[in-house]
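Written out below as structure tokens is the structure these notes cover.
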Amino acid sequence: MGVRGEAAEAGGRFVLRRFNGDEAYGLAEATVCVIRSYDGGGDGDGNGDAGGYGGGGDGVTVWFEALAASEGARRCADTAEAGMVPSAEVGVGMTEAEADIDRLVGRTFLMPGVPEGEDSALSLLYYFEHEPLRDNRITVVARDGDRLRLRWTAECDDVNFYDGSKPPTRIEIEGVFLYRDSRDPAAPTRSREGAEGSG
């Protein structure tokens with residue numbers, strides 16, 4: 001997901017608004033990563049398949065990724081003992097021109113995710129296990145060099161009850177995200193690709 005701590009900044013937050021209270025964390029990592037697919041897959045309009053991380057031609061996938069910090073975390077009573085930290089990732093297909101850092105500023109990306117009960121590869125929260133993120137709204141507020149200030153809201157099933165017996169959890173993420181382009185030799189690869197999670 002990027003270099004730990006490099007994208008973190010004081011004041012960043014990752015909040016889970018649950019049925020029994022709020023879980024509040026800082027940000028340990030936060031990145032916006034442009035990934036290209038050169039396998040010729042996808043439909044050529046920037047909305048390629050998940051396996052190729054974007055479309056063919058000039059299509060790319062921009063991954064928004066955030067990992068909460070364990071230090072100073074405030075958890076709900078039913079999850080406090082486990083000591084987990086959430087992470088979130090959303091991949092948005094677009095053209096290469098649209099993924100330019102200057103063109104991201106001021107835009108809002110809407111990612112509805114998959115219907116409840118279905119699996120997702122492009123919109124996920126990890127807590128005890130992966131689960132789909134729905135109703136993502138990601139706004140790129142400002143830029144400072146290779147850092148972007150984002151506001152991100154989303155919804156998922158409760159992180160400790162997966163049977164639908166509890167109201168959905170509302171996710172709020174805000175802070176500075178480090179922008180990385182896969183063409184840059186110094187850019188980190190997506191570390192959670194194929195991983196089971198960060199907890």
Side-chain angles (χ1 to χ4, degrees), residues 1-33 62-92 109 111 113 116 119-142 144 146-180 188-199:
M1 169 198 280
V3 181
R4 181 176 297 274
E6 187 177 2
E9 179 174 290
R13 65 191 185 100
F14 195 133
V15 179
L16 306 178
R17 301 201 182 279
R18 300 183 58 211
F19 73 96
N20 56 342
D22 293 349
E23 299 203 6
Y25 307 81
L27 282 178
E29 299 179 38
T31 55
V32 177
C33 213
V62 177
W63 284 95
F64 299 90
E65 303 181 316
L67 173 65
S70 58
E71 184 177 355
R74 187 178 76 242
R75 302 178 176 89
C76 293
D78 62 326
T79 56
E81 187 175 343
M84 302 298 289
V85 292
S87 62
E89 57 183 46
V90 168
V92 179
F109 301 94
M111 188 74 170
E116 195 167 351
D119 291 331
S120 171
L122 290 175
S123 181
L124 291 170
L125 179 89
Y126 182 82
Y127 194 88
F128 288 116
E129 61 183 55
H130 286 109
E131 60 175 303
L133 269 179
R134 300 183 297 274
D135 297 329
N136 293 275
R137 184 182 183 92
I138 301 173
T139 300
V140 183
V141 178
D144 182 7
D146 61 356
R147 284 161 168 77
L148 296 168
R149 177 163 288 280
L150 268 65
R151 283 197 294 264
W152 178 356
T153 60
E155 186 178 280
C156 67
D157 292 338
D158 185 79
V159 295
N160 199 29
F161 294 86
Y162 302 100
D163 58 1
S165 62
K166 306 298 182 186
T169 293
R170 187 72 177 164
I171 295 103
E172 297 176 4
I173 303 168
E174 185 170 2
V176 172
F177 285 59
L178 184 67
Y179 178 89
R180 283 292 181 253
T189 57
R190 297 184 63 242
S191 63
R192 283 208 309 282
E193 199 170 293
E196 288 301 314
S198 57

Arg75 side chain to Ala82 main-chain N or O, any donor-acceptor pair under 3.5 Å?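 No, Arg75 side chain to Ala82 backbone: no donor-acceptor pair under 3.5 Å.
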If you compare all heavy atoms of [X] against all heavy atoms of [Y], which two are closest, and at what distance to 0.1 Å?
{"X": "Leu133", "Y": "Ser123", "value": "O-OG, 2.7 Å"}
{"X": "Ala66", "Y": "Leu27", "value": "CB-CD2, 4.1 Å"}
{"X": "Glu131", "Y": "Asp158", "value": "OE2-O, 3.9 Å"}
{"X": "Val159", "Y": "Tyr162", "value": "O-OH, 2.9 Å"}

I need the single residue from Arg18, Lys166, Arg134 that forms a salt bridge (Lys or Arg N to Asp or Glu O under 4.0 Å) with Asp157. Which is it?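 Going through Arg18, Lys166, Arg134 one by one, the salt bridge (Lys or Arg N to Asp or Glu O under 4.0 Å) with Asp157 is satisfied by Arg134 alone.
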In terms of relative ring orientation, are Phe177 and Trp152 parallel, tilted or perpendicular, with 30° and 60° separating the classes?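 Rings of Phe177 and Trp152: tilted, 30 to 60°.
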When you look at CG of Asp144, are more than 12 heavy atoms from neighbouring residues, nucleotides or ligands closer to it than 6.0 Å?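 12 or below, so no.
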Side chains of Leu148 and Val176: does their closest heavy-atom pair fall under 4.5 Å?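 Not touching, per the 4.5 Å side-chain cut-off.
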When you look at Phe161 and Phe19, which way does the ring pair (Phe, Tyr, Trp, His ring centres under 6.0 Å) test go after all the steps? CA-CA 10 Å; Phe161 294 86; Phe19 73 96; 5.7 Å; yes
State yes or no: are the ring centers of Phe109 and Phe64 separated by less than 6.0 Å?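 Between Phe109 and Phe64, the centre distance is under 6.0 Å.
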If you round to the nearest 0.5 Å, how far is OG1 of Thr169 from CZ of Arg17?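 Between atom CZ of Arg17 and atom OG1 of Thr169 there are 11.5 Å.
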